[in-house]
Amino acid sequence: MGQVVHQLSNDELYKMRLQMGMMFQVSGLFTDMSVFDNLAFPLREHTSLPEEIIHDLVLMKLHAVGLRNARNLMPSELSGGMERRVALARAIATDPALVIYDEPFAGLDPISLNTITQLIRRLNDALKTTSIVVTYDLMSSLKIIDYLYFIHDGVIAAAGTVEEMTNSQDPAVYQFMHARPDGPIAFQYPSKPYAEDLSVKA
């Protein structure tokens, strides 16, 4: 958004955060609030909209994730996939410019996973937002992303479009993108030879 985040004052940082949505890995829903109130919370907290407008906005967001009729349920009454969809709806409740997804695919069954994947892509396009997806689920993420960063040994080792990274000849990127067991990314933690560790003579 044209600002250097680490140089912002607390007030400026708070103002910027109002333009961000966050979908937490474990949903982060308020357990003592209904689905409706979970979505209404950021609207009540950060806007001065009347309740009638908040009501309609909440129903619109729930409709977008297929859960309009679950508005009166409590988080404990939701399945894992439903809980993720409510968390997704809350993340976009204020129509943020940036949405951050922390492991949105973790622990989901195949149907819920595919549903969440399609929802993220569709909502990203419809709302014209920028989305940052942090995940280990490579195949699901490739369905929704435009650009990716490959972090290896604590630094950004490569970056590019899905096509560029899939076709990359960089050994580490190739190994990761194609799930190869052998390559520069070692499975074994560095150690002395196995035989030596077991005191076995060759």
Side-chain angles (χ1 to χ4, degrees), residues 1-8 13 16-17 19-28 64-66 80-81 83-92 94-197:
M1 301 173 193
Q3 299 183 70
V4 182
V5 176
H6 70 275
Q7 294 178 356
L8 299 178
L13 187 58
M16 173 176 273
R17 284 177 176 164
Q19 301 178 64
M20 300 179 185
M22 175 79 185
M23 181 179 171
F24 295 94
Q25 181 175 349
V26 289
S27 82
V65 299
E83 190 174 348
R84 288 291 174 84
R85 284 190 278 162
V86 172
L88 175 54
R90 189 177 68 177
I92 62 165
T94 58
D95 291 332
L98 172 69
V99 182
I100 301 170
Y101 300 91
D102 182 13
E103 287 293 345
F105 315 122
L108 293 178
D109 63 80
I111 296 172
S112 296
L113 190 152
N114 198 42
T115 301
I116 290 291
T117 302
Q118 291 180 12
L119 277 172
I120 291 174
R121 179 76 251 189
R122 198 170 75 230
L123 291 170
N124 190 74
D125 292 341
L127 298 173
K128 304 298 183 192
T129 59
T130 295
S131 295
I132 297 176
V133 182
V134 179
T135 180
Y136 287 99
D137 191 327
L138 180 64
M139 298 316 294
S140 295
S141 65
L142 293 180
K143 297 175 184 176
I144 61 173
I145 61 174
D146 300 308
Y147 202 83
L148 64 118
Y149 294 88
F150 180 75
I151 300 174
H152 181 54
D153 285 338
V155 298
I156 296 176
T161 64
V162 173
E163 184 179 3
E164 289 170 342
M165 296 291 275
T166 302
N167 297 326
S168 174
Q169 295 307 303
D170 178 289
V173 175
Y174 183 88
Q175 180 188 1
F176 188 81
M177 295 296 289
H178 300 280
R180 300 288 189 236
D182 299 315
I185 304 172
F187 173 72
Q188 293 286 348
Y189 191 78
S191 62
K192 57 188 176 182
Y194 192 34
E196 184 181 333
D197 224 9

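When reading the values below, keep in mind they use all heavy atoms of this one structure, side chains included, and skip hydrogens, waters and symmetry mates.
- Side-chain contact between L148 and T161 is absent, with no heavy atoms from C-beta onward closer than 4.5 Å.
- When all heavy atoms are compared, the tightest approach of R84 to A106 is NH2-O, 2.7 Å.
- P104 places a side-chain heavy atom less than 4.5 Å from the side chain of I120.
- The distance from the CG atom of L8 to the CZ atom of R17 is 9.5 Å, given to the nearest 0.5 Å.
- Among residues two or more places apart in sequence or in another chain, the side-chain hydrogen bond (donor to acceptor under 3.5 Å, both in side chains) test is passed with T94 by none.
- K192 pairs by the salt bridge (charged side-chain N to carboxylate O under 4.0 Å, His left out) definition with D197, not counting sequence neighbours.
- For residues 149-165, there are no salt bridge (charged side-chain N to carboxylate O under 4.0 Å, His left out) pairs, not counting sequence neighbours.
- With Q169 contributing its side chain and Y174 its backbone, the two residues share no donor-acceptor pair below 3.5 Å.
- Nearest heavy atoms, P181 versus Q175: O-NE2, 3.6 Å.
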Subject >> Pair V99-M22, side chain to side chain contact (heavy atoms under 4.5 Å, CB included): steps then yes or no >> reply: CA-CA 6 Å; V99 182; M22 175 79 185; over 6 Å; no
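- Looking at residues two or more places apart in sequence or on another chain, you find no side-chain hydrogen bond (donor to acceptor under 3.5 Å, both in side chains) involving D102.
- No side-chain heavy atom of Q19 sits under 4.5 Å from any side-chain heavy atom of L98.
- In this structure, the separation between CG on L138 and NZ on K143 is 11.0 Å, given to the nearest 0.5 Å.
- Using a 4.5 Å heavy-atom cutoff, the side chains of L113 and S140 are in contact.
- The NE2 atom of H6 lies 12.5 Å from the CD atom of Q3; values are rounded to the nearest 0.5 Å.
- Shown here for V173 and A158, the closest heavy-atom pair between the two residues is CG2-CB, 3.6 Å.
- Screening residues 115-124 for side chain to side chain donor-acceptor pair (under 3.5 Å), with sequence neighbours left out, gives R121-D125, R121-D146, N124-T129, N124-S131.
- Screening residues 169-179 for salt bridge (charged side-chain N to carboxylate O under 4.0 Å, His left out), with sequence neighbours left out, gives no hits.
- Listed by first and then second residue, the side chain to side chain donor-acceptor pair (under 3.5 Å) pairs that reach into residues 178-191 come to none, sequence neighbours excluded.
- Nearest approach of M165 to A159, heavy atoms of both residues: SD-C, 3.8 Å.
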**OP:** Could you please spell out the steps behind the side chain to side chain contact (heavy atoms under 4.5 Å, CB included) verdict for I116 and F105?
**Re:** CA-CA 7 Å; I116 290 291; F105 315 122; 4.3 Å; yes
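- Every residue meeting the ring pair (Phe, Tyr, Trp, His ring centres under 6.0 Å) condition with F176, not counting sequence neighbours, appears here in chain and number order: F150.
- Every residue was checked against the ring pair (Phe, Tyr, Trp, His ring centres under 6.0 Å) condition with F187, not counting sequence neighbours, and none meets it.
- The side-chain hydrogen bond (donor to acceptor under 3.5 Å, both in side chains) test applied to N167 returns no partner, not counting sequence neighbours.
- The neighbour count for M1 CE, taken as heavy atoms of other residues, nucleotides or ligands under 6.0 Å away, is above 12.
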**OP:** Decide side chain to side chain contact (heavy atoms under 4.5 Å, CB included) for M177 and L142; before the verdict, give the C-alpha distance in whole Å, the side-chain angles of both, and the deciding distance to 0.1 Å.
**Re:** CA-CA 10 Å; M177 295 296 289; L142 293 180; 4.1 Å; yes
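- The two residues P96 and A91 have their closest heavy-atom pair at CG-O, 3.4 Å.
- Panel note: side chain S112, backbone D109; no donor-acceptor pair is recorded below 3.5 Å.
- Taking I156 as the reference, Y149, I151 meet the side chain to side chain contact (heavy atoms under 4.5 Å, CB included) condition, with sequence neighbours excluded.
- In this structure R90 satisfies the side-chain hydrogen bond (donor to acceptor under 3.5 Å, both in side chains) test together with N38, sequence neighbours excluded.
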**OP:** Let me see the working for L123 and L88 under side chain to side chain contact (heavy atoms under 4.5 Å, CB included), right down to the final yes or no.
**Re:** CA-CA 10 Å; L123 291 170; L88 175 54; 3.9 Å; yes
